Amino acid sequence: MDKLIALCKRRGFIFPGSEIYGGFANSYTYGPYGVELRNNIKKLWWDKFVHQRDDIVGMDGPIIIHPRVWVASGHAEGFNDALVECKNCHKRFRADHLVEAATGQDLEGQIEEMKRLLDAGIDCPSCQKRDWTDVKRFNMMFTTKLNTTEEEAESIAYLRPETAGAIFIEFKNILDSSRVKLPFGIAQIGKAFRNEIVAGNFIFRLREFEQMEIEYFIRPDANWEDLFEQWLQLQEEFAHELGAKPDDLRRFEHPKEKLAFYSRKTVDIEYRFPFGGFKELFGLAHRGDYDLQNHSRASGVPLEYYDSENNERFMPHILEPTFGLDRAILLCLLAAHSEEGTDEDAGGRTVMRFPKRLAPVKIAIFPLLKNKPVLVARAREIFDLLKRHHVCEFDDNGNVGKRYRRQDEIGTPYCVTIDFQSLDDQTVTVRDRDSMSQQRVAIDGLLEFFNSQLL
Ligand code: GAP
């Protein structure tokens, strides 16, 4: 992780947030290559789950929606973590995490029992003293104040803790305005905010993160088990497309007794992260009709589906595949990161072996020598041609070996070098990131060559 984090900063993938002000815990900025990678992953997801399917439509709702949405969903009351503070060093912890790490017990919701176990034998991991405050419930939603003259309590709104809420409340609008028929899904990508007590592990747990979520509506009498399995397979397939190896993925089914009362089944897709082993990457939940029922009741607007063929009206059930974008990015970076040899002079290199379609830059174009105007001019012409079709970078800095190493570190699949031979025979050298092999390709066939390699 340390090497990856250093590379991300050095090469402009991800910077620690607000660094010139001394940093701001758990916030990160996606730099020039990070934002390209991020956009490529979103595009891959949108293409796979929206454009390539005729049963899913997209939407983009607001971050701040009516506060009553979060009352109806249960978040205002129940979206809590158990917080405890060390009175000696004032560090805050998730009480349930401390208890689980020390005893293996999952005491979800049992605040008093957590406090008893902490006092009985769990020391502060930071200062090793044992002097705990009471365990308190801590709502993870960020609040904000609206500029209104209403009563104080009325002016509180929330930053959405998940994107799903914005989807449920548009169910009727989407039914009324599109030609969707059950089963169908609504997809959305967007920011979510959670006041995590303990954020950390780079971009794994953030206070501000992005989700890619689908609410998939089905008939209550549908064969949901088969659909559930299909969705799990699609989520695994997407993780593979990001670069995950099959052995680094596993499914974790939530035990029946821990499921929310409305859920028939919830499964996490876990990835083997290099900190503490398998951890949640994506999730899939059967949510029954909990959300549509609650929003119908709270809003007074019936969120039903009318089946014109059978002339029946009912409330659909929901399968919810959810994907954390920042965790997808972390997986992609981790899976791509590879160090080959230790000695740079003997050809040792760090290379980000991104799947080609996710690489931030697809082709780097180099004039062999920076001070030979004929080479630079020809290289510029080729750059101008290719950049209209693929994300390209022009680089004339340092020797070609250094340029290759830099492009390897940002995961560029191809480098094109324009040399003196190019002026004679109109060919260039194309170097492959993974095999490091080089071949001469005719300039007038270059675009076609890349179009076929970068599908
Ligand atoms: N609508 C369902 C939902 O929000 P969740 O398991 O709480 O379910 C979904 O979150 C996904 O969002 C997770 O699988 C994870 O990938 C991502 N996620 C959740 N909390 C996160 C955080 N604090 N930082 C980064 N990603 C997070």
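Quantities reported herein were computed from a predicted structural model and do not represent experimental measurements. When a ligand or atom number is given, it counts from 1 through the structure's own listing order. Just so it is clear, the values below take in all heavy atoms, side chains as well, and ignore hydrogens, waters and symmetry mates. Starting from 1, each residue takes its place in the sequence as its number.
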Subject >> Protein contact to atom 25 (C) of ligand 1 [nearest heavy atom, distance to 0.1 Å] >> reply: F204 O, 3.2 Å
**OP:** Mark up the atoms of ligand 1 that fall under 4.0 Å of a heavy atom belonging to F282, in ascending order.
**Re:** 14 (O)
**OP:** Would you mind telling me which of F282, Y271, F278 makes a side chain to side chain contact (heavy atoms under 4.5 Å, CB included) with L249?
**Re:** Y271
Original post:
Is a side-chain donor or acceptor of N310 paired with a backbone partner of E312 at a separation under 3.5 angstrom?
Top reply: no
Subject >> Identity and distance of the protein heavy atom lying nearest atom 5 (P) of ligand 1 >> reply: R194 NH2, 3.8 Å
Subject >> Any Q52 side-chain heavy atom under 4.5 Å of D47 side chain >> reply: yes
Subject >> Atom indices of ligand 1, in the order listed, that fall short of 4.0 Å to a heavy atom of E213 >> reply: 1 (N), 2 (C), 3 (C), 4 (O)
Original post:
Does NZ or CZ of R194 fall inside the cone over F209's six-membered ring, less than 6.0 Å from its centre and within 45° of the axis?
Top reply: no
Original post:
Less than 4.5 Å apart, any side-chain heavy atom of R219 and any of D307?
Top reply: yes
**OP:** Step through it carefully: locate the ring centre of F204, locate the ring centre of F273, and say whether they are under 6.0 Å apart.
**Re:** yes
Original post:
Considering distance alone, does some N or O of F209 sit under 3.5 Å from an N or O of ligand 1?
Top reply: no
Original post:
Is the number of heavy atoms from other residues, nucleotides or ligands under 6.0 Å of N223 CG greater than 12?
Top reply: yes
Subject >> Min heavy-atom dist D326 to ligand 1 below 4.0 Å >> reply: no
Subject >> Check: T322 N/O within less than 3.5 Å of ligand 1 N/O >> reply: no
Original post:
Which option, E208, E162, R160, E196, owns the non-hydrogen atom nearest atom 3 (C) of ligand 1?
Top reply: E162
**OP:** Identify the protein heavy atom lying closest to atom 6 (O) of ligand 1, giving its residue, its atom name and the separation to 0.1 Å.
**Re:** E280 OE2, 3.0 Å
Original post:
Looking at F15 versus Y30, is the centre-to-centre ring distance below 6.0 Å?
Top reply: no
Original post:
Can you tell me the protein heavy atom closest to atom 17 (C) of ligand 1 and the distance?
Top reply: G324 CA, 3.7 Å
Original post:
What's the shortest distance from atom 15 (C) of ligand 1 to any protein heavy atom, and which residue and atom give it?
Top reply: R327 NH1, 3.6 Å
Subject >> Any N/O pair L206/ligand 1 closer than 3.5 Å >> reply: yes
Subject >> Taking atom 10 (O) of ligand 1 as the reference point, the nearest protein heavy atom with its distance >> reply: Q211 NE2, 3.3 Å
**OP:** Output yes when a side-chain donor or acceptor of S296 lies under 3.5 Å from a complementary backbone atom of L292, and no otherwise.
**Re:** yes
Subject >> F252, CZ: over 12 other non-hydrogen atoms inside 6.0 angstrom >> reply: yes
Original post:
Looking at atom 16 (O) of ligand 1, what's its closest protein heavy atom, distance included?
Top reply: L281 O, 2.7 Å
**OP:** Could you tell me whether some N/O pair between R205 and ligand 1 is separated by less than 3.5 angstrom?
**Re:** no
